Every structure is written in C-alpha cells, then in structure tokens.
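These notes concern the structure reproduced below.
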Amino acid sequence: MNDRANFRAGVILALVSAAAFGFSGPFAKSLMAAGWSLTAVVTARLATGAVVMVVSACIVAPGWFSEARRHAKVVVLYGIIPIAGAQFCYFGAVQHMSVGVAMLLEFLSPILVIAWTWLITRQRPHTRVLAGATLALLGMLLVLNIFSGARVEPAGIAWGLGAAVCAAYYFISSHRAGSKTEELRPITLTTSGLLVATATVVGFGLTGIMPMTFSTHNVHVAGWNAPVYVPILVLGVITTAIAYITGIAAIARLKPSYASLIALTEVLCAVIAGWVLLGETIAPIQYAGAAVILAGLVLAHRGAGSPAEPESSTTGFTASLPAGLKSHGDDSELSVISVCDATTESTPSQ
C-alpha cells in the first residue's frame, strides 16, 4: 500500500474509532434509564468488550497474555485508571447532563496534562499553548452555561472532571507503556487492561462499594423499545472492541500529531448521538462554548510544536515524561488526544 493510500486508510479508521467511542454515552444512558446502576452498565460494557478483544488478541497477537504478565504493574494501573476510572466517571456524568457536555468536560484532559507538565518540568509552555488552554477553560464555562445563570449540577461537573483526570493519566502513561523500554504492544495493553478493568468494577459491585443493579426491562433508544441485549452488544462490540481495534489500526498509519486532531470529532459524534438517540439538545451558547474549546485545543496543539520556555533547571524531571511531552527544541510535541481516542502509541480510554 502506497503512502497516500495508507494515509487515507488511517484517516478513515481514526474517524470510525472516534464515532464508535462517541456513541457510547446514549446507549449507556438508556440502560441507566431502564433501571441499571452505573456499576452494572460499566461491567456489561467492559466484560463484553474484553471477550471480543481476547478473541482478537489470540488471533492477531498470540502470546499476548505472557507479555501482559511481564508488565503486570503497567497493565493493572492502565486497567484501573484510564479504562475503568474514565468510564465510571464519564457514564456518571451523563446521568446528570447531556452526553455532549459530559464529553466536552472529559476533553479538558489535555489542559490538565499541560498543567502537570509545567509543574513537573518547570518549563513554561509556549504562549500559544497557554492561550489555547485559556480558550478551552473559557469554552468550558460557556458549555456549562454559567453566564446565562443556568443551574449546573455539581455532581455532573465532578464526574466529568473526574473523567478528564483519568484521561490525563492515560496521556501521561500511555507513551511509556508503548515505548521501547516497556515493549508492550497496544493490543496487549488494551486487552489486558479491559480484563483488569472488568475485574475491578465487578469487585466494586460484589463488595457493595458501588451498587450493582441489573434489569431485564426493554430500553428506549431513538423512539424504539429494544431488548436489553441490544445496547449491551452495541456498547461492548461497537463502542469498545471495534473502537479500540480501529484505533490501533489508525495509530499504525497516522502520526500522533495529526490523529489527535481527528480525535476531536468524537465530541461532534457524541453530540449527534445524544440528539439522534436521546433527543438531547444543546443551547446555542453551549455550541459556541464547544467551538471555543476545540479551537483552544487546536491552538495548544499547534503551539506545542514550538520550544518550551524554561523557568529553571529541569535536570532529572524530563527523563520520566512521555516523549511527546519532552522538550527537544523545534521537535517538542504535546499531543492533545481525546479517553477515550486512538491517537498515541497506545489506545484510548473511552
């Protein structure tokens, strides 16, 4: 396959992955509306996706289990925080706000990565990065409809920001997991991470830490009463397994810097999914806020290609950073990838 065809295939796969992840919120919300608890929804999605990924990994990457055992610490942390944690928080957010707003809150994770990097390296980011971060924060206020005096549910904001924190951890850790020092393949990390995440969520449910309630009632999606297994299969097969697999394939064909911009389409997909499947609408000011957030993230991404501005010596700090966050003069790069999204050398969290 020539470079142009390879690039075109990568773009298509990245768009498919972003769309698949973006449609997870409405189906999860339909299950919760039918009487499923948050823990039960996350368990169903993770378990179904894990089964599909295990089968895929056994075919595509024999020996993945032994590889995962050699990197048990990385796998366990990845499964608990970016996968289980991000899904818990994101689905928790959609209980209190629209799918699109919840997704936009999670997309603030690149700003958290910028702040963390500045703190650890003591290197002031490029002015365009800071300007982009400021725009994104302003957009968040517009999305939450603060300036119109609308009532904002604190619980929804807390869940959404929790998802952003989990996604930020994904950005910080995923490159190291896929680096030469770890030699951990993306499909291995994804499959084993889903298994760890499933066990973690089931453990929360069985111990009573989080209530786990299932229901056999039909669910209501897009004006249609569907059997309960329909959203479960959609969540597990399409928005988890297929989303991860197409994301992995896209990563192999696209540079992270370009794929990160494509991943921003997940927000649009989430908004469309909420409108089509649940009839959710977003106020005009919230659309404006979404545009400001996306513009801020793109500006921060463009600015990250410029040299950082040192505040003090950084010896000993940058060695522990993912390669995309280290300063290498004009080659410095900070990826603004989306949790759920296929844009680094690892896989998405959502």
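Everything numeric in this text was worked out from a predicted model, so none of it was measured.
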Does any N or O in the side chain of Glu67 come within less than 3.5 Å of the main-chain N or O of Thr188, such that one atom is a donor and the other an acceptor?
no
Is the shortest side-chain heavy-atom distance between Val54 and Leu195 below 4.5 Å?
yes
Rounded to the nearest 0.5 Å, what's the gap from CD1 on Ile187 to OG on Ser192? Could you check?
10.5 Å
Say you draw a straight line from OG of Ser215 to CE of Met32; how long is it, rounded to the nearest 0.5 Å?
13.5 Å
Transitive ILVMFWY side-chain link Val16 to Phe23, under 4.5 Å
no
Check Ala44 against Trp36 and note the closest heavy-atom contact, atom names and distance.
CB-CZ3, 3.9 Å
In Å, rounded to the nearest 0.5 Å, how long is the span from OG1 of Thr190 to CD1 of Ile83?
6.5 Å
Leu31 and Ile232, any side-chain heavy atoms less than 4.5 Å apart
yes
Any non-hydrogen side-chain atom of Leu235 less than 4.5 Å from a side-chain atom of Thr48?
no
Is any side-chain heavy atom of Phe27 closer than 4.5 Å to one of Ile238?
no
Quick one: pull up NZ in Lys29 and OG in Ser98 and give me the separation to the nearest 0.5 Å.
6.5 Å
Output, in order, the C-alpha distance, side-chain angles, deciding distance and verdict of side-chain contact (heavy atoms from CB on, under 4.5 Å) for Val219 and Val230.
CA-CA 9 Å; Val219 298; Val230 171; 5.8 Å; no
Would you name the heavy atoms of Arg185 and Ala61 that are closest together and state the gap between them?
NH1-CB, 3.6 Å
Measuring from Leu112:CG to Tyr169:OH, what's the distance to the nearest 0.5 Å?
15.0 Å
For the pair Ile80 and Val196, evaluate side-chain contact (heavy atoms from CB on, under 4.5 Å) and give the outcome as yes or no after the intermediate values.
CA-CA 7 Å; Ile80 292 175; Val196 170; 4.1 Å; yes
is_close_aromatic(Trp159, Tyr90), centroid dist under 6.0 Å:
no
For residues Val221 and Ile272: do they belong to one hydrophobic cluster (side chain heavy atoms under 4.5 Å, members Ile, Leu, Val, Met, Phe, Trp, Tyr)?
yes
In terms of heavy-atom contacts, Ala163 and Cys89 come closest through N-CB, 3.3 Å
At their closest point, which heavy atom of Pro26 faces which heavy atom of Gly274, and how far apart are they?
CG-N, 3.8 Å
Are Leu108 and Val165 connected, step by step, through hydrophobic side chains (Ile, Leu, Val, Met, Phe, Trp, Tyr) whose heavy atoms are closer than 4.5 Å?
no
Okay, side chain of Ser37, backbone of Pro211: is any donor-acceptor separation there less than 3.5 Å?
yes
Do Val60 and Ile245 share a hydrophobic cluster (ILVMFWY, side-chain heavy atoms under 4.5 Å, transitive)?
yes
Any side-chain heavy atom of Phe88 within less than 4.5 Å of one from Thr39?
yes
Does the side-chain contact (heavy atoms from CB on, under 4.5 Å) test come out yes or no for Val74 and Leu189, once each step is laid out?
CA-CA 8 Å; Val74 174; Leu189 184 61; 4.3 Å; yes
Answer whether the closest heavy-atom distance between the side chains of Thr239 and Val234 falls below 4.5 Å.
yes
Minimum heavy-atom distance Ala241-Gly49, with the two atoms named:
CB-O, 4.3 Å
Same cluster or not: Tyr244 versus Val51, using hydrophobic residues (I, L, V, M, F, W, Y) connected whenever any side-chain heavy atoms lie under 4.5 Å apart?
no
What is the distance from atom CG of Leu194 to atom CZ of Arg45, rounded to the nearest 0.5 Å?
9.0 Å
Does a sphere of radius 6.0 Å around NE2 in His217 hold more than 12 heavy atoms from other residues, nucleotides or ligands, not counting ones at 6.0 Å or beyond?
no
Does Phe65, at its CZ atom, have more than 12 non-hydrogen atoms belonging to other residues, nucleotides or ligands within less than 6.0 Å?
no
So do Met103 and Val94 actually touch side chain to side chain, heavy atoms under 4.5 Å?
no
Looking only at heavy atoms, what is the nearest atom pair of Ala47 and Thr198, with distance?
N-OG1, 3.6 Å
So do the side chains of Val201 and Gln87 get within less than 4.5 Å of each other, counting heavy atoms only?
no
